[in-house]
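For the numbers below, each heavy atom of this structure counts, side chains included, while hydrogens, waters and symmetry mates do not. Proteins get letters first, then strands, A, B, ... in listed order; numbering begins at 1 in each.
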Amino acid sequence: MAKYPQLITNYLDFCNLRSQYDSYETVDLSTVGFYYPTTLLPIINFIKENSIVYLPHYNGTVTRYIDIITNPQKDYIDRVSYIPIEQLQTNDYSSADSILKRIINFVSKEYTLNAFSYILTELVDNIYEHLECSNAYVMAQKYPTKGFIEICIYDDGISIPGSLSRKYAELKEDEDHESIAAALEGYSVKEGGRGHGIRSSIRIFSQGMNGKILIVSRRGAYYIHSEGKNFYRFTDEKLKLDGTLISVRVPLDIGEVNIYEYL
Amino acid sequence: MSTYKNRISIKESISDYLAIRSSAKQFFNNIESLPALEITIDFKDVQFMNRSFAHEYLTQKRHSKKRIREINKSINIDKMFYVVKNSKEEKEHVGKTHVIPI
């Protein structure tokens with residue numbers, strides 16, 4: 001079996017869970033031993049959107065964790081290590097403000113505020129500007145023992161290839177990784193001067209913060225870290241994502257990051 | 001929108017975190033509806049502004065019929081405006097050497 005980066009295998013875990021529904025009309029959460037946001041966020045959305053009766057995890061701790069993450073608490077206590085799944089109101093961008101501040105406060109002890117604020121806000125702004133979604137969600141989890149934070153943003157919109165193909169007919173439907181590349185290179189359906197935010201965000205994350213980023217959109221994916229990058233082309237239709245998922249994983253022990261070096 | 005002698009607090013109008021492009025567009029739509037020809041935008045207590053917001057702000061300002069000036073900008077706000085004003089339009093090559101089929 002091919003060895004993929006962990007963020008990719010976490011996404012594949014989600015796809016395997018989702019495909020259970022096609023075969024058995026249910027989802028057995030016990031088939032995944034440990035839930036990272038990259039797996040949990042899209043599968044919870046899938047379960048809710050399809051009103052699926054699912055089999056809970058055999059491990060009570062995991063079941064309790066999933067229950068906490070999927071029921072947003074309005075009052076967080078300081079020692080809490082997560083942001084539960086929050087929905088961004090895609091018809092009201094002002095709702096993003098409180099969620100963004102909550103996440104920025106969540107990471108404020110570990111990171112230079114400007115670096116994380118910049119990246120997070122650029123990713124969320126991208127949802128409102130381009131992806132025409134009905135639902136968008138975000139969650140975050142700190143792993144102090146493992147030494148990183150993972151943040152996952154997912155939307156069920158038209159996807160990056162879906163958006164760009166409206167303007168750039170040369171982008172082929174079976175080469176969705178090309179569309180992701182085009183978006184990262186600055187191609188946009190909007191007027192000039194676009195694309196800088198997402199590109200600089202990826203530079204800051206991967207180079208400045210030694211982070212790992214996964215972007216999945218329709219039948220393509222992009223994975224980048226400080227030592228390299230890969231594009232993925234999904235040949236199996238079961239891996240297709242209706243929308244866009246972005247996961248970022250950042251070490252906890254980085255120092256000050258001057259974002260202006262990367263802008 | 002909070003105004004005082006044609007001075008508008010952008011923090012009160014939008015947020016102390018300026019992050020969403022559409023909020024900049026809406027902000028300027030509201031400004032254009034004001035009777036005053038000169039508007040002062042007060043950036044006091046703004047904690048953060050991302051690049052997308054700065055780009056939209058400057059784009060809207062360029063097209064505005066008002067004379068607009070900014071006050072109380074922090075160093076980081078100034079820096080972000082500077083970065084946007086000096087950005088090049090060219091596309092950046094990402095490279096797709098490694099494409100892995102799954």
Side-chain angles (χ1 to χ4, degrees), chain A residues 2 4 8 11-12 15 93-94 96-98 100-101 104 113-114 117-122 124-129 175 177-178 180-187 190-202 220-224 228-236 239 259-260 263, chain B residues 1 10-30 45-63 74-102:
Chain A
Y4 300 115
I8 291 282
Y11 175 72
L12 296 178
C15 295
Y93 54 79
S94 61
D97 185 58
S98 63
L100 284 171
K101 282 183 184 173
I104 289 166
L113 273 184
N114 261 341
S117 301
Y118 182 87
I119 297 156
L120 191 64
T121 56
E122 290 291 349
V124 169
D125 178 65
N126 209 53
I127 291 174
Y128 285 96
E129 277 299 298
E175 304 282 341
H177 61 283
E178 300 269 353
I180 297 174
L184 295 174
E185 288 174 355
Y187 290 91
K190 307 276 184 167
E191 63 273 15
R194 302 298 190 107
H196 290 281
I198 199 79
R199 293 206 303 270
S200 52
S201 295
I202 288 174
Y222 176 68
Y223 175 75
I224 184 170
K229 57 180 182 274
N230 281 318
F231 285 92
Y232 295 84
R233 178 167 55 87
F234 299 152
T235 57
D236 186 344
L239 304 185
I259 63 171
Y260 300 100
L263 297 186
Chain B
M1 184 174 289
I10 197 167
K11 178 196 167 186
E12 289 181 27
S13 298
I14 304 177
S15 172
D16 53 346
Y17 277 79
L18 303 176
I20 307 294
R21 233 180 232 279
S22 298
S23 63
K25 278 183 212 163
Q26 184 62 50
F27 179 69
F28 272 86
N29 284 345
N30 293 339
D45 294 331
V46 171
Q47 302 285 337
F48 170 80
M49 179 176 69
N50 71 2
R51 185 178 187 148
S52 293
F53 185 96
H55 179 263
E56 191 64 38
Y57 180 99
L58 292 174
T59 302
Q60 296 292 329
K61 181 181 175 181
R62 206 160 49 240
H63 295 128
S74 68
I75 292 174
N76 285 331
I77 300 295
D78 267 331
K79 276 184 179 176
M80 196 58 77
F81 277 137
Y82 177 83
V83 164
V84 172
K85 284 176 186 171
N86 291 281
S87 286
K88 295 174 187 171
E89 285 289 332
E90 67 215 24
K91 302 287 187 274
E92 191 176 302
H93 183 60
V94 169
K96 301 179 290 294
T97 311
H98 299 284
V99 182
I100 299 172
I102 305 181

Margin query: Do B:Phe53 and A:Asp125 have side chains that approach each other closer than 4.5 Å (heavy atoms only, starting at C-beta)?
Written below: no

Next item on the list: Could you give me the CA-CA distance, side-chain angles and deciding distance for B:Ile20 and A:Val124, then say whether side chain to side chain contact (heavy atoms under 4.5 Å, CB included) is met?
Entry: CA-CA 8 Å; B:Ile20 307 294; A:Val124 169; 4.1 Å; yes

Checklist line | Part of B:Met80 within contact of chain A (heavy atom distance under 4.5 Å) | finding: both

Notebook entry, point to check: Under the side chain to side chain contact (heavy atoms under 4.5 Å, CB included) criterion, do A:Ile8 and B:Ile102 qualify, and how do the steps go?
Noted result: CA-CA 10 Å; A:Ile8 291 282; B:Ile102 305 181; 4.1 Å; yes

Check: After noting the C-alpha distance and the side-chain angles of B:Val99 and A:Glu175, does the key distance pass the side chain to side chain contact (heavy atoms under 4.5 Å, CB included) rule?
Finding: CA-CA 10 Å; B:Val99 182; A:Glu175 304 282 341; 5.9 Å; no

Against chain B, label [X] side chain, backbone, both or neither, depending on which of its atoms sit under 4.5 Å from a heavy atom there.
X        : answer
A:Ile259 : side chain
A:Leu239 : side chain
A:Tyr260 : side chain
A:Asp97  : side chain
A:Ile180 : neither
A:Leu100 : side chain

Notebook entry, point to check: Can you tell me how far OH of B:Tyr17 sits from OG1 of A:Thr121, rounded to the nearest 0.5 angstrom?
Noted result: 9.5 Å

Note to self: Out of B:Ser22, B:Ala19, B:Ser15, return the one with the most heavy atom pairs under 4.5 angstrom to chain A.
What the structure shows: B:Ser22

Next item on the list: Show your reasoning for whether side chain to side chain contact (heavy atoms under 4.5 Å, CB included) applies to B:Gln47 and A:Ser117.
Entry: CA-CA 10 Å; B:Gln47 302 285 337; A:Ser117 301; over 6 Å; no

Notebook entry, point to check: Do side-chain atoms of A:Glu122 reach the backbone of B:Asn50 as a donor and acceptor pair under 3.5 angstrom?
Noted result: no

Item checked: Exam field: side chain A:Tyr118 to backbone B:Phe48, donor-acceptor pair closer than 3.5 Å -> no

